[in-house]
Number of protein chains: 2
Amino acid sequence: MVTYEHPRPAVTVDCVVFGFDENDLKVLLIQRKYEPFRGVWALPGGFVHLEENLEQAAARELWEETGIKGCFLEQLYTFGRPDRDPRDRVITVAYYALINLNDYPVQADSDAIRVAWFAMDDIPKLAFDHEEILKTAQQRLKGKITYQPIGFELLPDKFTLTQLQRLYEIILATGLDKRNFRRKLLAMGFLEETNEIQTDVAHRAARLYRFNKVRYEQVRQNGFNFEL
Amino acid sequence: MVTYEHPRPAVTVDCVVFGFDENDLKVLLIQRKYEPFRGVWALPGGFVHLEENLEQAAARELWEETGIKGCFLEQLYTFGRPDRDPRDRVITVAYYALINLNDYPVQADSDAIRVAWFAMDDIPKLAFDHEEILKTAQQRLKGKITYQPIGFELLPDKFTLTQLQRLYEIILATGLDKRNFRRKLLAMGFLEETNEIQTDVAHRAARLYRFNKVRYEQVRQNGFNFEL
DNA sequence: ACAAAAGTGTTGAACGTACACCCATGC
DNA sequence: GCATGGGTGTACGTTCAACACTTTTGT
């Protein structure tokens, strides 16, 4: 039963997938196999099915096109310029995802689809308005990382404080003082010191820490607000 | 030419319009004339036309249904639960608007449509998932007002510091210290002292100030960041 | 003259910022 | 033994939070 008679736009979801590898913030792109923009790199995404909600659609497309699932995924913004798709009116609800690169290493292209990680300062021309979407996602990440503890989503379960600091420095595009950074984060009370240290490094091995979500919720309920 | 063959959802825009009147944060609602939810209060909104972009659609619906135009309008979030409309799959891109209540006083119902302002602590049952949308908008306003100078959109062009403080107190649901509040805001350097004072008040009249956008942009470019 | 809100400074505590050296490890 | 990054404390300046009384105006 169709009860609302109007011409309808198509609705898609697109995902900006961020990963981090010690020195770079990276994004996962796929090379389009079909027109429009055949052969051009683009964000993973696709049409929303009628029976699924938007976040489900984003998670499904991510899984189908890149094999990623179960990661941090949050709605970013909805893009709907009438001419953003040359063939038809398409509105896209963009999401961004944060994943740990070690869990999804630079994958060999499958038969079906070409997938690759690109450093943020080396992005090829993108299809549609995906450059605008990517830019919006980068700004959101930069803004949000200072007041929500989402940076940990980009790191392995256990990480060093230096890795964490590098992540902040790269995303915020700024330098941070080592002593002040450590003092501040440890004082927050939700970084759990493990009794493990780095292996396979050519210098003194650093202690590994873990983000303790339960403790974070506790301090948050006591009025603590994550900041910087 | 339809090139993407998929069943399509309908796409609407809905607007959460906030106003402020000395003692209350208010929202503009309209009473639905048609099914579904006939007679129930709802956010102003309607279908996106194929040739307009999303923000244009929101501005147009706002104008058509409430007579408001030219105000602050920003995308909020996109809601797409498959069952959010009982009759069909409808995805809605929600916007929120901030207006000065004096420019749009509590309007008499027109023949066509019943429109009314409701205080945030006295909201009737709403159609669809509009309660969720409203709640999301309130959280966004509460969050954003502390790091962007958007509170001024809710006040007249010239306002007293006490009015500004009340606005913050009500939106943040907290008490603020008068001396500290004034000192902090004046120190920001973009509140312009006019040489006018309140009229028609039964006590000492307060000085009127104005938000100077140009000066705000200047201090911002010098590295200043609005906060609290 | 009284009611109502406007306007105004100081102090102590907490926090942020700047800064440099020794230590542990692998090669 | 040397190169590499790991780990640590202090002092100063800035900002925040708490706090109460006098002034102006209208009725």
Side-chain angles (χ1 to χ4, degrees), chain A residues 20-24 145-147 155-156 158-170 172-210 219-220 222-228, chain B residues 20-23 145-147 155-156 158-170 172-210 219 222-228:
Chain A
F20 178 74
D21 81 349
E22 304 284 318
N23 286 309
D24 280 309
I145 207 177
T146 65
Y147 67 93
L155 293 174
K158 294 167 192 164
F159 51 85
T160 70
L161 294 180
T162 299
Q163 287 175 317
L164 185 60
Q165 183 179 342
R166 288 283 269 281
L167 186 153
Y168 272 85
E169 288 179 332
I170 287 169
L172 299 177
T174 184
L176 298 170
D177 181 273
K178 182 160 69 158
R179 281 173 289 192
N180 294 338
F181 181 82
R182 286 164 176 247
R183 191 185 357 225
K184 186 158 190 177
L185 272 135
L186 291 175
M188 290 179 178
F190 52 73
L191 284 187
E192 185 181 326
E193 183 174 318
T194 70
N195 40 26
E196 295 169 61
I197 55 172
Q198 278 182 313
T199 52
D200 303 319
V201 285
H203 51 80
R204 175 171 174 185
R207 162 143 278 124
L208 295 173
Y209 290 82
R210 186 191 276 135
V219 296
R220 212 168 63 89
N222 294 355
F224 167 83
N225 262 310
F226 185 87
E227 178 87 45
L228 220 178
Chain B
F20 178 72
D21 81 349
E22 304 284 317
N23 285 310
I145 207 177
T146 64
Y147 67 92
L155 292 175
K158 295 167 191 165
F159 51 85
T160 70
L161 294 181
T162 299
Q163 286 176 318
L164 185 60
Q165 183 179 343
R166 288 283 268 279
L167 186 155
Y168 272 86
E169 287 178 334
I170 286 168
L172 298 177
T174 182
L176 297 170
D177 180 273
K178 182 160 69 158
R179 282 174 286 191
N180 294 338
F181 181 82
R182 285 163 177 249
R183 191 186 3 243
K184 186 157 191 177
L185 272 133
L186 291 175
M188 290 180 179
F190 53 71
L191 283 188
E192 186 182 323
E193 183 175 318
T194 71
N195 40 27
E196 294 169 61
I197 55 171
Q198 278 182 314
T199 53
D200 303 319
V201 286
H203 51 79
R204 175 172 175 185
R207 161 143 279 124
L208 295 173
Y209 291 82
R210 185 191 276 135
V219 297
N222 294 355
F224 166 84
N225 263 308
F226 185 87
E227 177 87 45
L228 217 180

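A, B, ... follow the sequence lines: proteins, then strands. Residue 1 opens every chain.
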How many whole angstroms separate atom CG of B/Leu176 from atom P of D/dC16? 13 Å
For the helix from C/dA1-D/dT27 to C/dC27-D/dG1, how many degrees between its two end axes (five pairs per end), to the nearest 10°? 10°
Write down the distance between CZ (B/Arg179) and P (D/dT23), rounded to a whole number of angstrom. 15 Å
Ranking B/Asp177 and A/Arg204 by the position along DNA chain D of their nearest nucleotide, the one closer to 5' is A/Arg204
When rounded to the nearest 0.5 angstrom, what distance separates CG in A/Leu208 from CG in A/Leu161? 9.5 Å
Does C/dA6 have OP1 or OP2 sitting under 4.0 Å from an N or O in the side chain of B/Thr162? yes
Distance (rounded to the nearest 0.5 Å) between A/Asn225 CG and A/Tyr147 OH: 11.5 Å
Minimum heavy-atom distance between A/Leu228 and A/Tyr168, given as atom pair plus value: O-CE2, 3.8 Å
Taking CG from B/Leu228 and C1' from D/dA17, how many angstroms apart are they, rounded to a whole number? 12 Å
When the ring planes of A/Phe190 and A/Phe224 are compared, do they come out parallel, tilted or perpendicular, using 30° and 60° as the limits? perpendicular
Ignoring the backbone of B/Lys178, work out which of D/dG5, C/dC19, C/dT8 is nearest its side chain. C/dT8
Identify the heavy atoms of B/Phe226 and B/Leu185 that sit nearest to each other, and give their distance. CE1-CD2, 4.5 Å
Take the protein atom NE2 of B/His203 and the nucleotide atom P of D/dT25, then report the distance between them rounded to whole Å. 12 Å
Between C1' of D/dG5 and CZ of A/Arg207, the distance in whole Å: 16 Å
Distance, nearest 0.5 Å, that separates CG of A/Leu176 from CZ of A/Arg166: 11.5 Å
Look up atom CZ in A/Phe20 and atom CG in A/Leu164, then write down how far apart they are to the nearest 0.5 Å. 9.0 Å
May I have the distance from A/Gln198 (atom CD) to C/dA24 (atom P), rounded to whole angstrom? 16 Å
In this structure, CZ of A/Arg220 is separated from CE of A/Met188 (nearest 0.5 Å) by 13.5 Å
For DNA chain D, what residues of residues 180-194 of chain B have any heavy atom nearer than 4.0 Å? B/Asn180, B/Arg183, B/Lys184
Measure CG/B/Asp200 against P/D/dG26 and give the value in whole Å, please. 10 Å
Could you give the CZ-to-C1' distance, from A/Phe224 to C/dC15, as a whole number of Å? 14 Å
As an exercise, state the distance from CD of A/Gln165 to CG of A/Asn180, rounded to the nearest 0.5 Å. 9.5 Å
